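Just the heavy atoms: all of them, side chains too, but no hydrogens, waters or symmetry mates, feed the values below. Counting convention: from 1, in listed order, for ligands and their atoms alike. These numbers were taken from a predicted model, which means no experiment stands behind them.
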Amino acid sequence: MTKILYAGNPDEWDEYRIQMQTALRNAGLNMLISNQYEDPKNVEYMLYAPNGPVQDLTPFTNLKLVQSLWAGVEVPLANETITQPLARMVDIGMSIGMSDYVMGQVLRHHLRTDKFSHAEIGDWDMSPPPLSIDRTVAFLGLGALGTYCAQKVADYGFRTIGWSRSLKSIDTIASFSGDDGLQTVLEQADIIVLLLPNTPHTTNIINADLIARMKDGVAIINPGRGPLIDDDALLAALDSGKVSGATLDVFRTEPLPVDHRYWTHPNVLVTPHVASSTRIDSASKIVVENIRRGEHGEAFLHLVDRSAGY
Ligand code: NDP
């Protein structure tokens, strides 16, 4: 009888099976996970992914929890057959991967490595960049990933600020919210990192009006979601030099169409949605912790707020 159903990417089943069984055993839970089921009514916990084999959850009438294996929840939120509590993935492995990506790109823009990549032979401009302590890096989105990355960037030495729906109290990061807070962040930021979810409130948040309020020569790094950016507005700002450079990992259409101007723009680095991913060993421990909570009648971790859209 399958109580825990793996309905994620079939290619990852073998590793999930091994890591989940180990984590279940370590948590003292005498339960098995399977990628097969006879009666959907017996399934109480489903490990779900937008690219998995189960997308119609109607027959699973006794689910206690749908545990998404992905951090972004746009797809399960749009799935009307998912009516049960939905938890998103918050995984330390994913956070570390994201901070590796963000730190690398912050340093790339800070050190102006593109300028040297594009330099003419013989170009010997020895003017130094500002010090990291004199640069401000702003995070739009201070959730699980934004906070983790911002702390790493602050620990490195950059002045680090962040904007989110609710104000945060984090030692090394100045926190802002609301329209006034956004204005302050835009005025101060030399490098902006987007780690917002895509919701009706954040779609096209980086538009011509917002870009006009940024510092001249600002750099933008987007590992969040493609629709956060009005692409025409960003391209115009890149053409004019208002935005000095962009690192883009996520796009409205993925894979990014081969004729998209981002591919050829000299000041854009396109990465193919590789900023970070769920790491099966650490993610399995989080999933099992939620199953343990379900078995003991405790509140689940990382539940999606459907009304907020993330
Ligand atoms: P969280 O849900 O933990 O954080 C979202 C943050 O955005 C929160 O700080 C939230 O504010 C803030 N936010 C949401 N709506 C608004 C708004 N209208 N105004 C201001 N702030 C807002 O998400 P994660 O940190 O886990 O992930 C962030 C995004 O990263 C994901 O949604 C996903 O799209 C993307 N991602 C990309 C990957 C890649 O490989 N490129 C991999 C994994 C994730 P508050 O804190 O107040 O709630």
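Within a 6.0 Å radius of OH in Tyr262, other residues, nucleotides and ligands contribute more than 12 heavy atoms. The number of heavy atoms from other shown groups lying within 6.0 Å of CG (Asp305) is above 12. Environment of CG in Asp123: crowded, with over 12 heavy atoms of neighbouring residues, nucleotides or ligands closer than 6.0 Å. With a 6.0 Å radius and a threshold of 12 heavy atoms from other residues, nucleotides or ligands, Lys64 has its NZ atom above the threshold.
Residues of the protein with a heavy atom under 4.0 Å from ligand 1 are Ala71, Arg88, Met94, Met98, Gly141, Leu142, Gly143, Ala144, Leu145, Gly146, Trp163, Ser164, Arg165, Ser166, Lys168, Leu195, Leu196, Pro197, His201, Thr202, Pro223, Gly224, Arg225, Asp249, Val250, His273, Ala275, Ser276, Tyr310, listed by chain and number.
Trp70 contributes no side-chain N or O that, together with a main-chain N or O of Asn51, makes up a donor-acceptor pair within less than 3.5 Å.
Here side-chain hydrogen bond (donor to acceptor under 3.5 Å, both in side chains) pairs that include residues 10-31, with residues two or more places apart or in two chains, number zero.
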